[in-house]
Amino acid sequence: MFRTARVRRGLVAVLLSCALLAAATACGGGDGNGNEAGATPAATSSVEQQKFAKARFVANAGLAAGATYQWIIKPYREGKFKQGADGRTFALVKAGLAGAFAYNRLKAAVNNAKGDELLSKAVAPLTAGIESLKELGTKLRSGDASAADIGSFEKVINDVKTAGASAGAKVTDQIPSTSQLGG
């Protein structure tokens, strides 16, 4: 009995390590705008840059919002993060990946917002809130996230949506695929 528990724990540890490694590599390598390292974007006019900045902001913020709702807020409200819940470990791993993914997409959205004057002014006050989410992915993976942590994630997402709407860039939730979460 103890031997199967050890094997199971070892397997979970290996899977979590792989998930962390995948999340860490998914967060790097580009400039946050979908450009891979070494790729040079084509020159565009100022009007096109602003148009594309809003579109990229909406896409990145929508992916962050969708991942947060689908794999963090919804499972938390359903009690899947509670001790002894069925599928808790898997839900925590997915929530951790979603947290890292959402943080990465929010950082990219803020970077995209810099291309539009009105959007950059609306999003600028939110950068501190987004930075506060940096460690939440780790808390989620380890099962240490509290209701306040989940609430802060939800608040930042809603603030980004509100800021986007005030600048004419309505953000709607877009649920990323599991493969997008893993990199």
Side-chain angles (χ1 to χ4, degrees), residues 1-30 32 34 57-110 126-165 170-183:
M1 172 135 173
F2 290 111
R3 187 176 183 109
T4 54
R6 284 185 187 164
V7 170
R8 199 176 298 155
R9 284 186 186 147
L11 182 60
V12 168
V14 169
L15 289 173
L16 284 173
S17 298
C18 290
L20 288 172
L21 181 61
T25 57
C27 293
F57 170 83
V58 168
N60 284 321
L63 285 169
T68 300
Y69 179 74
Q70 183 70 24
W71 287 297
I72 298 173
I73 296 169
K74 187 175 158 186
Y76 181 79
R77 288 181 180 160
E78 292 172 353
K80 292 189 178 182
F81 298 159
K82 291 183 180 177
Q83 196 76 19
D86 286 340
R88 178 179 187 255
T89 303
F90 190 58
L92 288 172
V93 169
K94 284 197 304 188
L97 288 172
F101 176 83
Y103 172 76
N104 180 276
R105 292 299 84 208
L106 286 172
K107 292 290 285 183
V110 168
L126 304 176
T127 54
I130 292 169
E131 275 303 311
S132 72
L133 302 177
K134 191 172 191 173
E135 300 302 319
L136 191 56
T138 306
K139 280 185 170 182
L140 286 165
R141 278 190 292 272
S142 65
D144 296 333
S146 67
D149 293 326
I150 303 297
S152 69
F153 219 123
E154 189 173 23
K155 182 185 177 328
V156 169
I157 293 292
N158 289 335
D159 289 348
V160 168
K161 285 177 158 183
T162 302
K170 185 175 188 252
V171 176
T172 55
D173 292 3
Q174 298 175 22
I175 300 172
S177 67
T178 309
S179 63
Q180 285 177 306
L181 285 183

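Note that the structure is predicted; figures quoted are calculated from it, not measured.
For D159, the salt bridge (charged side-chain N to carboxylate O under 4.0 Å, His left out) criterion is met by K155, not counting sequence neighbours. Remark: E131 engages Y103, K107 in a side chain to side chain donor-acceptor pair (under 3.5 Å) (not counting sequence neighbours). Remark: S146 engages D149 in a side chain to side chain donor-acceptor pair (under 3.5 Å) (not counting sequence neighbours). In this structure, K170 has no salt bridge (charged side-chain N to carboxylate O under 4.0 Å, His left out) partners at least two apart in sequence or on a different chain. Residues that satisfy the side chain to side chain contact (heavy atoms under 4.5 Å, CB included) test with A95, not counting sequence neighbours, are I72, F81, L140. E135 pairs by the salt bridge (charged side-chain N to carboxylate O under 4.0 Å, His left out) definition with nothing, not counting sequence neighbours. For K82, there are no side chain to side chain donor-acceptor pair (under 3.5 Å) partners two or more places apart in sequence or in a different chain. Remark: N158 engages no residue in a side chain to side chain donor-acceptor pair (under 3.5 Å) (not counting sequence neighbours).
Nearest heavy atom pair, residue F57 against residue A109, reads CD1-O, 3.2 Å. Between V171 and G62, the shortest heavy-atom contact is CG1-N, 3.5 Å. Closest of all the heavy-atom pairs between P176 and G66 is CD-C, 4.1 Å. When every heavy atom of A102 is checked against every heavy atom of A64, the shortest pair comes out as O-CB, 3.7 Å. Nearest heavy-atom pair across G79 and A85 is O-CB, 3.5 Å. The nearest pair of heavy atoms linking L133 to V156 is CD1-CG1, 3.7 Å.
Within the 4.5 Å cutoff, side-chain heavy atoms of I130 are placed close to those of V160.
Every pair passing side chain to side chain donor-acceptor pair (under 3.5 Å) that includes a residue from residues 61-77 is listed here, sequence neighbours excluded: R77-E154. Residue pairs satisfying the salt bridge (charged side-chain N to carboxylate O under 4.0 Å, His left out) criterion with at least one member in residues 85-99, sequence neighbours excluded, are absent.
Interatomic distance, CG of L92 versus NZ of K80, reported as 11.5 Å (0.5 Å rounding). The distance from the CZ atom of R105 to the CD1 atom of I157 is 12.0 Å, given to the nearest 0.5 Å. Residue N104 holds its CG atom at 8.0 Å from CG of N60, rounded to the nearest 0.5 Å.
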